[in-house]
Amino acid sequence: MESAFHTEIHRYALNGVTRIANSTDIAVPDALAPVVRGVVSLHSFPRHTLHHVVDQNLGGGHAMVPYDFAAIYNVAALWNNGYDGPGQTIAIAGRTNMKTADVTAFRSLAGLPVNNTQIIVNGNDPGFISGNEEIEAALDVEWSGAVARGDTVKLVIRKSTINTDGVDLSASTSWTTTWAR
């Protein structure tokens, strides 16, 4: 890898775990440059979820619902003119499975129409990785489907490898041409 991409690969210790990563920018050989769009990863550092849980028990607190989002971002005008996604598909690349019942409950509580999420296992099934990962997947599916409430939402999942995140593996394969229509 070092020779192919003109970089150095080193081992790094972080919180008692040894990881590998390139220590300098990579360079794609000139002969491959016309056919290489990019390199997914040359490291084994995992990605972290993007959500932050503030209060899991709202108990009389406040929450944002899809209609609040629609008002804030002027999506309601699109909805009122029939632009809420029928006939369209949203594909969300993920690295963990999730409970579709959570999405069903979210849609019901938010007053959204029934729209069952489809889970596509694209390669090795990751199963359920952790609570935080599942929350991230559910939030992505719930809010994508809440804004484009008539869309078909498909969560495409694949197990991460030691060097490549499952999100990247799901997003970088040819599944988009076969099922996303």
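Note that the numbering runs from 1 along the sequence shown for the chain.
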Enquirer: Locate the shortest heavy-atom distance separating Pro29 from His6; write the atom from each residue and the value.
Expert: CG-NE2, 4.5 Å
Enquirer: Going from CG on Asn81 to CG on Asp84, what distance comes out if it is rounded to the nearest 0.5 angstrom?
Expert: 10.5 Å
Enquirer: If you count heavy atoms of other groups shown closer than 6.0 angstrom to CD1 of Ile162, is the number above 12?
Expert: no
Enquirer: For Gly111, does its backbone N or O pair with a side-chain atom of Tyr67 as donor and acceptor, under 3.5 Å?
Expert: yes
Enquirer: Whether the side chain of Thr164 engages the backbone of Ser160 through a donor-acceptor N/O pair (distance < 3.5 Å, no angle test) should be reported.
Expert: no
Enquirer: Would Glu133 and Phe128 satisfy side-chain contact (heavy atoms from CB on, under 4.5 Å), going step by step from the backbone distance to the final call?
Expert: CA-CA 8 Å; Glu133 293 290 342; Phe128 294 89; over 6 Å; no
Enquirer: Looking at every heavy atom in both Thr7 and Met1, which two are closest together, and how far apart are they?
Expert: CG2-O, 4.4 Å
Enquirer: Look up atom CD1 in Ile20 and atom CZ in Phe45, then write down how far apart they are to the nearest 0.5 Å.
Expert: 9.5 Å
Enquirer: side-chain contact (heavy atoms from CB on, under 4.5 Å), that's the test. Do Phe106 and Leu112 meet it? Break it down for me.
Expert: CA-CA 8 Å; Phe106 171 83; Leu112 294 168; 4.2 Å; yes
Enquirer: Going from CE on Met98 to CG on Leu139, what distance comes out if it is rounded to the nearest 0.5 angstrom?
Expert: 9.5 Å
Enquirer: Can you find a heavy atom in the side chain of Met64 that is under 4.5 Å from one in the side chain of Ile72?
Expert: yes
Enquirer: Using the ring of each side chain (for Trp, its six-membered ring), is His10 parallel, tilted or perpendicular to Tyr12, with breaks at 30° and 60°?
Expert: perpendicular
Enquirer: Does one hydrophobic cluster hold both Trp79 and Tyr73, with members joined at side-chain heavy-atom distances below 4.5 Å?
Expert: yes
Enquirer: Passes side-chain contact (heavy atoms from CB on, under 4.5 Å), Ser23 versus Ile9? Steps please.
Expert: CA-CA 6 Å; Ser23 63; Ile9 306 284; over 6 Å; no
Enquirer: Output yes when a side-chain donor or acceptor of Arg107 lies under 3.5 Å from a complementary backbone atom of Gly145, and no otherwise.
Expert: yes
Enquirer: Would you check if the side chain of Ser144 reaches a backbone N or O of Asp140 as a donor-acceptor pair within less than 3.5 Å?
Expert: yes
Enquirer: Indicate yes or no: at least one non-hydrogen side-chain atom of Glu134 is less than 4.5 angstrom from one of Ile129.
Expert: no
Enquirer: Surrounding CG of Asn80 (heavy atoms of other residues, nucleotides or ligands, distance under 6.0 Å), is the total greater than 12?
Expert: yes
Enquirer: Would you indicate whether the side-chain heavy atoms of Ile92 and Val141 approach each other to under 4.5 Å?
Expert: yes
Enquirer: For residues Leu169 and Lys159, report the shortest heavy-atom separation together with the two atoms involved.
Expert: CD1-O, 3.5 Å
Enquirer: If every non-hydrogen atom of Pro86 is compared with every non-hydrogen atom of Asp151, which pair is closest and at what distance?
Expert: N-OD1, 4.3 Å
Enquirer: Find out if a path of hydrophobic residues (ILVMFWY) with successive side-chain heavy-atom gaps under 4.5 Å connects Val35 to Val28.
Expert: yes
Enquirer: Over all heavy atoms of both residues, which pair between Pro66 and Ala146 is shortest? Give the atoms and the distance, please.
Expert: CG-CB, 3.6 Å
Enquirer: Using the six-membered ring wherever Trp is involved, compare the ring planes of Trp143 and Phe69 and label them parallel, tilted or perpendicular (cut-offs 30° and 60°).
Expert: tilted
Enquirer: Could you tell me whether the side chain of Asp125 and the main chain of Val121 form a donor-acceptor pair under 3.5 Å?
Expert: no
Enquirer: Write down the atom of Arg149, the atom of Asn115, and the distance for their closest heavy-atom approach.
Expert: O-ND2, 3.4 Å
Enquirer: What's the spacing between Glu2 CD and Leu42 CG if we round to 0.5 Å?
Expert: 10.0 Å
Enquirer: Could Arg95 and Asp165 be called an ion pair, given the rule that one side-chain N must be under 4.0 Å from one carboxylate O?
Expert: yes
Enquirer: Are Ile90 and Leu155 grouped together when hydrophobic residues (ILVMFWY) are joined by side-chain heavy atoms under 4.5 angstrom apart?
Expert: yes
Enquirer: Any non-hydrogen side-chain atom of Ile26 less than 4.5 Å from a side-chain atom of Val39?
Expert: yes
Enquirer: Within the 4.5 Å heavy-atom criterion, are Val147 and Val75 side-chain neighbours or not?
Expert: yes
Enquirer: Nearest 0.5 Å, please: how far is OG1 in Thr96 from CZ in Arg158?
Expert: 15.5 Å
Enquirer: Would you find a donor on one side and an acceptor on the other, under 3.5 Å apart, between the side chain of Asn97 and the backbone of Ile157?
Expert: no
